[in-house]
Amino acid sequence: MALSRVCWARAVLWGSAATPGFHVPRKLQLVRCGLAWGAPRSSKLHLSPKADVKSLISYVAAKTKVINGKYHRFLGRHFPRFYVLYTIFMKGLQMFWADAKKARRIKTNMWKHNIKFHQLPYREMEHLRQFRRDVTKCLFLGIISIPPFANYLVFLLMYLFPRQLLIQHFWTPKQQIDFLDIYHALRKQSHPEILCYLEKVIPLVSDAGLRWHMTELCTKIQHGTHPTVHDILALRQCFSNHPLGMNQLHALQMKALSRAMLLTPHLPPFLLRRRLNTHMAVIHQLDKALAKLGVGQLTLQEVKSACYLRGLNSTHIAEEKCRTWLGEWLQISCSLKEAELSLLLHNVVLLSVNYIGTRR
């Protein structure tokens, strides 16, 4: 009897198929083994590999966020000035990355639907235009940081010359106002030269009526009067061909106009002419898209940026005045043809030089 009990126990524990004088079915063995070792654990207690990875990533992200917060508080307490620069730099990187993703999304949509640049809505056109300029500036920094250990020198140069080397995302609020004032002061230096050239070409205008309108316009501007839209559009014929057409401008005049548009004047004449023509064509396309959208749909920042691009120092002018000025610009721009872009180029000076609040 004792021997049979031992054999039965062995059969249950070790799964023996047969013992002397005693046979245990295989199914019974498995049931008994299950009872002996306990029921199998629920599958809910085991996480899949994907769930394990997600939980690990969540844990690491939470810990990183906590450590990052402590690091920010440490910098803010012990190095407040450096912390301000660090915060602006990190926010600038985030904004630039967001701009890059948006630009890529716009370009992908253009490629998929075969859309040209001039067919885009105003905000998308303006985003691509500004992003191209920002990338050009960042590309210069990338090139000079290629040599070994040059990146340390680049950081020093960025700190010493933020206006020349950094885009607006990396400027402090005070720097944005100060730097825009500096840039406008630089382009204002070219205004007298441009107006002087307009006076010199008056005798070259063959039509007597156009000569009279040109003289009246120059006199008004010299006396500090803001010209009307009619005063400027009356001269469109002078700027479509000789003597003020885009292809008839002299090298010195193109250099002055380039400075007025914040473009480099240090290029050969044929490149200056091509760049001015391309730049004004883009602004002309932007104007048409903006006219469809409506100035009233723009935010305050968008209005001020649009005015500044077109020659008006909008940083110190009230929003309503900026919208009025931008409306006048659009009225002129949308009345011009591509052959009359020289008038739109000179309009950067004609329409802004005596506007309210610009004589500081």
Side-chain angles (χ1 to χ4, degrees), residues 68 71-72 75 79-108 117 125-190 251 254-283 301 305 308-309 311 313 315 348:
N68 194 41
Y71 177 64
H72 279 214
L75 289 178
F79 306 98
R81 294 183 64 185
F82 174 77
Y83 177 68
V84 172
L85 296 176
Y86 171 78
T87 304
I88 292 173
F89 184 76
M90 295 306 296
K91 287 182 179 179
L93 284 178
Q94 293 173 0
M95 288 189 290
F96 184 71
W97 179 247
D99 286 349
K101 291 194 294 185
K102 184 177 179 180
R104 182 183 179 184
R105 186 168 62 250
I106 295 171
K107 295 292 288 185
T108 302
F117 177 78
M125 292 175 66
E126 174 59 22
H127 184 84
L128 287 182
R129 185 202 65 82
Q130 186 60 48
F131 182 71
R132 288 170 185 167
R133 297 198 61 158
D134 292 344
V135 167
T136 303
K137 212 169 188 179
C138 293
L139 187 63
F140 173 73
L141 282 178
I143 292 174
I144 64 177
S145 63
I146 289 177
F149 306 105
N151 52 335
Y152 299 106
L153 176 62
V154 168
F155 281 116
L156 178 61
L157 292 176
M158 288 164 57
Y159 179 77
L160 295 177
F161 306 102
R163 177 175 65 84
Q164 292 85 350
L165 298 178
L166 297 179
I167 61 177
Q168 292 192 31
H169 292 332
F170 300 96
W171 294 350
T172 65
K174 184 178 183 303
Q175 284 177 334
Q176 290 187 13
I177 297 175
D178 294 342
F179 291 168
L180 290 179
D181 284 343
I182 292 173
Y183 278 127
H184 186 70
L186 291 175
R187 64 184 180 186
K188 275 185 68 175
Q189 293 176 2
S190 63
M254 288 190 294
K255 288 180 182 292
L257 290 167
S258 296
R259 291 195 297 271
M261 295 301 301
L262 296 178
L263 300 173
T264 177
H266 309 295
L267 291 174
F270 73 95
L271 287 180
L272 285 176
R273 194 185 315 278
R274 181 179 178 181
R275 191 175 188 189
L276 286 171
N277 210 350
T278 303
H279 191 72
M280 295 314 301
V282 170
I283 292 181
Q301 183 58 42
S305 298
Y308 195 89
L309 172 66
N313 187 14
T315 53
V348 171

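Small disclaimer: the values here were computed from a predicted structure and weren't measured. We use all heavy atoms of the structure for the numbers below, so side chains are in, but hydrogens, waters and symmetry mates are not.
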Completion exercise
Output for pair (D134 CG, L139 CG), nearest 0.5 Å, gives 12.5 Å
Practice task
Would you indicate whether the side-chain heavy atoms of R275 and T264 approach each other to under 4.5 Å?
Solution key: yes
Problem - N/O donor-acceptor pair under 3.5 Å between K137 side chain and L166 backbone - result: yes
Problem - Nearest heavy-atom neighbours spanning P162 and Q175 - result: CG-NE2, 3.9 Å
Handout entry: Residues T315, Q176; criterion side chain to side chain contact (heavy atoms under 4.5 Å, CB included); working and verdict
Key = CA-CA 9 Å; T315 53; Q176 290 187 13; over 6 Å; no
Fill in the blank from the handout: Across all chains, not counting sequence neighbours, the salt bridge (Lys or Arg N to Asp or Glu O under 4.0 Å) partners of R259 are E193
Practice task
To the nearest 0.5 Å, tell me how far H279 NE2 sits from L276 CG.
Solution key: 8.5 Å
Handout entry: Any side-chain heavy-atom pair of I283 and R129 under 4.5 Å
Key = no
Exercise for the section: Please check if atom CD1 in I144 has more than 12 non-hydrogen atoms from other residues, nucleotides or ligands closer than 6.0 Å. Expected result: yes
Problem - Contact summary for R133 and L262, nearest pair of heavy atoms - result: NH2-O, 3.8 Å
Problem - L272 side chain reached by L263 side chain, heavy atoms, under 4.5 Å - result: no
Exercise for the section: Identify the heavy atoms of L141 and L165 that sit nearest to each other, and give their distance. Expected result: CD1-O, 3.4 Å
Problem - Residue pair W171 / D178, side-chain heavy-atom distance below 4.5 Å - result: no
Handout entry: Sub-4.5 Å side-chain heavy-atom contact between Y183 and R163
Key = yes
Exercise for the section: Taking all non-hydrogen atoms of both residues into account, name the closest pair between P269 and A251 and its distance. Expected result: CG-CB, 4.1 Å
Donor-acceptor pairs are to be reported for all side-chain atoms of residues 96-107 against protein atoms at under 3.5 Å, with residues two or more places apart or in another chain.
from, atom 1, to, atom 2, distance (Å)
D99, OD2, H169, NE2, 2.6

Practice task
Please state whether the rings of Y308 and H184 are parallel, tilted or perpendicular, taking 30° and 60° as the class boundaries.
Solution key: tilted
Completion exercise
When rounded to the nearest 0.5 Å, the distance separating NZ of K255 from OG of S190 is 13.0 Å
Handout entry: Test item: F170 and L93 side chains (from C-beta on) under 4.5 Å apart, heavy atoms
Key = yes
Exercise for the section: State, yes or no, whether a side-chain contact exists between V154 and M158 at a heavy-atom distance under 4.5 Å. Expected result: yes
Problem - Heavy-atom check, side chain of L309 versus side chain of E126, under 4.5 Å - result: yes
